[in-house]
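As the structure is a prediction and not an experimental result, all values here were calculated from the model. All chains are named by letter (A, B, ...) in the order of the sequence lines, taking the proteins before the strands, and each is independently numbered beginning at 1. We use all heavy atoms of the structure for the numbers below, so side chains are in, but hydrogens, waters and symmetry mates are not.
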Amino acid sequence: MGFPHAIHAREEAVLSRHFGDSNALSLDGWKQRGGYKALEMALGMEPAAIVNVLKESGLRGRGGAGFPTGLKWSFMKPGDGKPHYLCCNADESEPGTFKDREIMRWTPHALIEGCAIGSYAIGAETCFIYIRGEFSEPLRAVGNALGEAYDAGVLGANAMGTGKTVNIYIHKGAGAYICGEETALMNSIEGRRGNPRIKPPFPAVAGLFGQPTTINNVETLAAVPQILVNGAEWYKKFCLSNPKSTGTKLFSVCGNIAKPGNYEVVLGFPFKDFLYEMCGGPLPGRKFKAIVPGGASVPIQTPEEAEATLMDYEGFVAQGSMLGSGGVIVFDDSQCMVKLIGRFARFFAHESCAQCTQCREGTAWVTKILERIEAGGGTMQDLDTLLELSENMTGKTICVLSDSCAAPIVSGIKKFRHEFEAHITGKRCPLRSRSVA
Amino acid sequence: MGETQMVTLTIEGRKVSVASGTSILEAAKAAGVLVPHYCYHPGLPVAGVCRMCLVEVEKAPKLAPACASAVAEGQVVHVHSEKALEARKGVLEFLLINHPLDCPICDQAGECELQDYTYREGRSEGRLQEPKRFNPMEDFGGDVLYVTNRCILCTRCVRFMDDVAGEPVLNVSERGDRAIIGKFEGADLTHAWAGNVIDLCPVGALVSKDFLNKARAWELDRTPSICPNCTQGCNSIVETRDNFVVRTRARPNDEVNKYYMCDHGRLNYRWMNEQNRLEAPLVRQGERLVAADWSTAVDHAAKLLNGKRAVVLASPMLSNESLWMLSKLIRKTGGLGLFTVETGPEAPLLGVPDLALRAERAANVRGAEMFGFERSSSPLDGIQSGDVLVIADVGGMPLEIDPSALARASASIVIGTTLPEDARSATVVLPVTNVTEEEGTFTNVHGRVQRYLQARAAPGMARPAWWALGDLLEAMGDAAGYFLASEVFTALAGASPEFAGMSYESLGLKGARLQGSRQPAETTG
Amino acid sequence: MTPPGGETGSVHSPAHAPHGAAGHSNEESYQPVLLGGVRDELNRILERYPTKMAALLPALWLVQDARGWVSEHSMAEVAQALELTPAYVKGVVTFYTMYHQHPVGRYFVQVCTTSPCMACGAEDTVAALLRHTGCGELGSTSPDGKFTVIEVECLGACGFATPIMINEEFVESVTPDKVSTILAQLR
């Protein structure tokens with residue numbers, strides 16, 4: 001099932017080194033590969049010292065927002081007398097993204113170790129790993145690994161014999177993309193509908209169960225042990241472009257491309273080389289038409305924009321998009337942009353939590369309009385309407401699901417307007433061989 | 001607790017100072033600026049979901065939801081800037097795409113916030129070309145009907161049941177544009193206060209089955225009143241059409257009922273429209289009671305009372321004014337005042353301290369007690385031979401008249417809205433108004449004196465009881481009576497230390513506590 | 001692609017009663033789920049959380065694992081166990097797509113059709129699955145009660161389009177021509 005490829009020469013396999021190595025799954029196997037040295041080290045350090053290492057390293061959140069991890073941890077005030085929580089966001093559901101799944105499938109102990117270090121660093125005795133319900137294999141792998149870790153005394157009331165308490169539990173999701181939003185995730189753990197919460201208060205003040213909480217993505221936490229063992233300087237050196245973007249990053253690649261899969265590169269890597277060299281370029285006889293570089297929520301890039309991009313937080317923004325979750329979706333010239341964008345919209349309409357008006361009604365409405373255009377029933381007026389609705393759906397809601405729905409529509413109409421117009425004037429999809437019934 | 005920190009900001013060009021932590025929406029209210037909103041309600045936890053209250057705050061990157069944004073010093077807020085208006089126009093369009101626009105058959109029309117804001121800020125035409133979503137309506141039980149298609153998912157009803165009623169029987173079901181308000185099969189909105197969700201619903205999604213299709217909002221006359229149905233004294237609005245009470249609803253008063261009114265109170269209004277009313281004074285002529293003019297009847301009654309002891313059985317639904325006048329009659333004749341009161345189960349509203357449907361189901365038990373009436377389960381036992389029985393009945397008291405007690409009395413006078421079967425042997429009958437037909441005050445269970453205004457015309461020759469009693473006392477040799485309820489009240493306040501300093505003006509429409517009566521919160525503390 | 005039963009063990013049919021057996025329970029015949037070992041498991045889960053409500057999602061999973069779906073009776077039972085109201089529980093159940101509110105086929109087949117998979121031909125895979133299972137249309141159960149096929153939003157295996165999930169197991173890189181082989185292994 002989705003076996004990883006052999007590591008490409010230009011990859012920098014920090015997180016993915018042991019992908020495909022089933023011996024790395026067990027506690028012993030993980031220890032033989034250097035595992036749990038970081039945790040042992042961490043439990044002997046002052047929490048503040050760990051946070052400083054993270055700050056130094058420049059590690060930024062790998063879930064999408066790119067917030068500096070050390071800074072986030074430093075918001076957790078020690079000794080406030082309240083229980084603290086760490087949440088690990090393993091609700092990977094962003095279309096085009098499947099990197100956390102691989103981390104959990106192959107290196108569950110890397111994640112557990114990262115969670116344990118994070119918990120200790122922020123003064124939390126309890127960590128919940130929120131894994132989406134569909135991820136049966138990661139659920140099993142992490143579950144087994146946790147069992148081993150508890151049995152071996154790595155976790156529990158006397159973690160690694162230090163007298164410190166580190167409890168880690170899996171909380172299994174049940175089918176809701178929006179639970180990847182941090183406050184929705186907390187609501188979901190609390191046994192509520194996965195509705196995002198109004199901020200402030202921010203999680204560091206009042207998060208899970210109303211207590212100070214930090215939430216980190218799987219990839220972020222899995223990187224922590226290596227940073228601790230090898231040092232901030234080591235990690236910081238992984239940087240090919242902007243000094244604010246350090247370290248390695250897993251990119252998931254899917255769609256119409258020769259070699260889909262997960263690739264780990266140093267931030268700042270040229271996107272052109274990545275797409276054509278590492279991932280093998282387009283399928284035979286095809287050309288790239290559009291690239292969505294950071295999961296379905298980010299603006300669509302033209303191949304020209306993509307080829308000019310350096311793969312880091314700033315690099316994608318400079319070329320009209322965002323790094324997002326690192327889920328690279330590639331569409332070639334056989335694909336209908338109207339249909340694909342309509343399908344993205346349908347995804348968001350399906351996943352809207354129903355709280356905010358713009359999102360609940362807007363995501364469903366734009367889906368209907370896009371599907372009508374695709375079916376040949378659109379008008380030029382529809383394009384203006386879509387852009388206006390997108391504007392009304394952007395920056396006005398509790399979370400960004402509505403914005404995410406609008407992003408591919410706005411960028412799609414802007415960059416592929418001719419395709420939309422061809423549907424409208426031809427009253428059918430120009431790429432469909434059969435006529436519209 | 002330290003002193004409240006004040007924050008000064010500018011809203012629509014008006015400077016306003018409010019306590020720190022206040023929302024922009026409430027600050028705007030204080031400045032006299034209405035920020036359109038749906039999900040926000042001052043009695044409920046903030047949800048921040050309708051996004052209707054988006055306002056522009058200078059120097060902020062995004063529009064702010066006024067309900068969920070705390071004020072900050074020096075903030076400059078624009079409620080009606082182009083950006084804010086555009087955003088709200090967008091919200092209104094989204095809210096309307098699946099809304100049935102069935103205003104012509106919707107009970108909410110005319111008092112609908114979706115209509116109001118659409119007229120004010122919405123688009124003039126819709127752009128949806130696809131079919132609208134359709135969901136069947138659902139009987140939620142109690143008095144509540146859910147017209148699903150009109151729902152804008154503001155969740156006020158859900159939050160009321162969760163956080164105020166403390167009985168989470170409503171939910172949001174499903175998600176995305178499939179979401180609706182749901183309940184569990186077999187668990188209806190039977191909570192004693194559930195009907196408030198109808199008032200809370202800003203649109204026509206939750207409607208009253210009792211009021212369904214009865215009247216259009218613009219045909220109604222609305223009068224501030226006090227619910228007479230228990231001792232709590234919830235502030236209410238009596239709504240009449242063509243002189244008929246068709247609906248009663250809560251009138252906000254933070255000191256008493258916040259925004260709420262119980263189902264018993266709101267639905268128990270039909271007696272106010274009773275058709276078997278006394279419309280003229282009656283005087284006994286042999287076997288028959290014969291209509292008479294007021295002065296004839298009053299003179300007759302005065303004669304009956306001359307030199308006799310008046311045993312007054314008073315309804316605890318009489319106003320303070322009428323009870324006070326009765327107490328004067330009692331003093332004058334050396335008589336005795338008694339009352340009985342209907343009772344039922346008490347039903348508190350958990351989320352509001354000291355708010356309950358009270359066991360005693362009449363508005364002025366406290367007033368009756370203050371004016372010297374004694375609670376009695378068998379009030380007629382005290383009648384001695386030769387006494388005159390005065391029954392002052394405007395409802396709220398169980399009336400079982402033992403013929404033997406009547407036989408002991410030399411005569412009986414009924415001052416009432418109706419003539420009860422048991423009291424048909426009365427010698428004089430004086431027709432009086434009920435709570436909706438007069439102005440007056442009640443004193444509630446916590447000693448709060450509250451005014452109610454006249455909502456409908458009195459039937460026939462009926463007069464407020466205080467008026468009839470004033471005439472009666474005058475006929476018995478007292479000074480002239482009063483022309484206005486306010487005059488009675490001023491006199492009453494002058495004579496009763498607990499009411500010292502009170503007047504209709506000082507009471508306003510929110511009422512005031514009696515001298516020496518404690519805050520409700522203290523009574524439970 | 002690895003066929004089912006390869007990498008991660010065989011595709012299990014859920015360990016619950018035959019299709020539909022618990023589907024038509026009524027007041028008299030409803031058998032509580034949270035008894036014995038299941039109850040013990042719930043008690044263990046409760047220890048992890050500071051509130052009872054937090055055990056709601058896990059409790060609903062316990063019910064679905066045992067019964068194959070979550071009936072209204074079960075919602076009421078869970079509500080009682082966690083001191084919630086049935087209406088609250090239902091609001092939560094209907095939020096999450098993985099809780100079945102109706103009985104489903106012995107093999108519950110979810111096919112990802114979100115854009116990346118669609119671009120790789122997911123629609124043809126759906127058509128093939130509907131044809132070969134006899135389900136006819138999305139969401140309905142085949143006449144033999146064996147299969148229910150639904151579309152699902154992104155399964156998080158986009159690089160291995162088209163992924164399908166049969167009960168708890170992923171099968172990746174499913175193309176229309178592989179469908180009959182995959183289904184044959186289940187029958």
Of the backbone (N, CA, C, O) and the side chain (C-beta and beyond), which part of A/R132 lies under 4.5 Å from a heavy atom of chain C, both, or neither? side chain
Which residues from residues 49-60 of chain C are near chain A, with near meaning under 4.5 Å between non-hydrogen atoms? C/Y49, C/P50, C/T51, C/M53, C/A54, C/L56, C/L57, C/P58
For the atom pair OG (C/S115) and CE (A/M337), what is the distance rounded to the nearest 0.5 Å? 9.0 Å
Hey, what do you get for CE (C/M118) to CZ (A/F331), rounding to the nearest 0.5 Å? 7.5 Å
Do C/E168 side-chain atoms and A/S136 backbone N/O form a donor-acceptor pair below 3.5 Å? no
To the nearest 0.5 Å, how far apart are CZ in C/F170 and CZ in A/R105? 9.0 Å
Kindly say whether C/A157 contributes a backbone atom to a donor-acceptor pair with the side chain of A/R101 at under 3.5 angstrom? no
Could you tell me the separation between the SG atom of C/C154 and the NE2 atom of A/H350, rounded to the nearest 0.5 Å? 12.5 Å
Name the region of A/F128, side chain, backbone, both or neither, that has any atom closer than 4.5 Å to a heavy atom of chain C. side chain
Nearest 0.5 Å, what's the CZ-CD distance between A/R140 and C/E169? 4.5 Å
Contact part of C/A161 toward chain A, heavy-atom cut-off under 4.5 Å: side chain, backbone, both or neither? neither
Between C/Y96 and A/C179, which heavy-atom pair has the shortest distance, and what is it? CE2-SG, 3.7 Å
Distance from C/E123 atom CD to A/R343 atom CZ, nearest 0.5 Å? 8.5 Å
